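What follows is one structure encoded as structure tokens, with my remarks underneath.
Values in this document were obtained by computation on a predicted structure and should not be read as measured data.
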Amino acid sequence: KTEGGAHRAHADNCVHYFDDRTKTAVCDPSRQHPYPKRVAASILYLNDPADGNFNGGEFYFANRTHFGEVEDSGRVAVETGKMIYFTSGVENLHG
């Protein structure tokens with residue numbers, strides 16, 4: 001976690017790295033993750049920046065290839081009542 005609560009792109013069930021040969025993110029079996037059995041994750045927004053309680057709050061899905069670059073199509077707008085649901089592996093790197 002970084003200052004301001006930001007997260008780098010990550011998977012929720014494994015520690016990943018970018019394989020130079022395949023040019024994709026893969027789980028690193030040599031590194032233990034605290035929640036390896038996690039299958040899915042969700043985020044429910046109870047408020048948004050328009051409520052005046054915080055600034056930012058952006059959520060994004062990173063590209064599994066291209067070393068985790070974030071594309072505009074992977075950004076999810078913060079809106080009260082919105083739920084984001086996704087599988088926890090490297091197929092859905094997020095931050």
Side-chain angles (χ1 to χ4, degrees):
K1 208 174 198 186
T2 59
E3 185 176 331
H7 290 275
R8 291 187 183 124
H10 64 279
D12 283 345
N13 64 4
C14 72
V15 177
H16 76 278
Y17 68 96
F18 289 96
D19 184 296
D20 290 331
R21 187 177 55 78
T22 64
K23 305 295 187 213
T24 60
V26 294
C27 290
D28 183 348
S30 70
R31 297 182 64 195
Q32 186 174 0
H33 190 277
Y35 308 107
K37 296 182 187 227
R38 188 175 282 172
V39 177
S42 63
I43 296 173
L44 172 62
Y45 288 102
L46 301 176
N47 50 30
D48 63 39
D51 296 333
N53 296 326
F54 66 93
N55 293 320
E58 178 182 65
F59 181 89
Y60 65 89
F61 288 103
N63 192 326
R64 183 177 177 187
T65 59
H66 301 97
F67 301 96
E69 292 175 358
V70 178
E71 300 171 355
D72 286 339
S73 61
R75 297 182 192 282
V76 180
V78 177
E79 297 174 27
T80 300
K82 180 182 275 187
M83 177 179 264
I84 305 166
Y85 178 83
F86 50 93
T87 56
S88 299
V90 292
E91 68 279 0
N92 283 310
L93 297 177
H94 61 279

Smallest separation among heavy atoms of L93 and A9, with atom names: CB-CB, 4.5 Å

Please report the interatomic distance NE2(H16) to OG1(T24), rounded to the nearest 0.5 Å. 10.5 Å

Taking all non-hydrogen atoms of both residues into account, name the closest pair between E91 and T87 and its distance. OE2-OG1, 2.6 Å

To the nearest 0.5 Å, how far apart are CD1 in I43 and CD1 in I84? 5.0 Å

Please confirm whether F59 and Y45 have ring centers closer than 6.0 angstrom. no

Verdict with reasoning, Y17 to V26, per side-chain contact (heavy atoms from CB on, under 4.5 Å): CA-CA 6 Å; Y17 68 96; V26 294; 3.2 Å; yes

NZ of K23 to CZ of F18: how many Å apart, nearest 0.5 Å? 12.0 Å

dist S88:OG -> D12:CG (nearest 0.5 Å) comes out at 5.0 Å

Can you list every pair that meets side-chain hydrogen bond (donor to acceptor under 3.5 Å, both in side chains) and has a residue in residues 29-42, with sequence neighbours left out? D28-S30

Validation row: K82, V76 side chains within 4.5 angstrom (heavy atoms): yes

Which heavy atom in A25 sits nearest to a heavy atom in V90, and how many Å separate them? O-CG2, 3.7 Å

Report yes or no: does H10 contribute a side-chain atom to a donor-acceptor pair with the main-chain N or O of H94 at less than 3.5 Å? yes

Which atoms form the tightest heavy-atom contact between P49 and V78, and what is the distance? CD-CG1, 3.7 Å

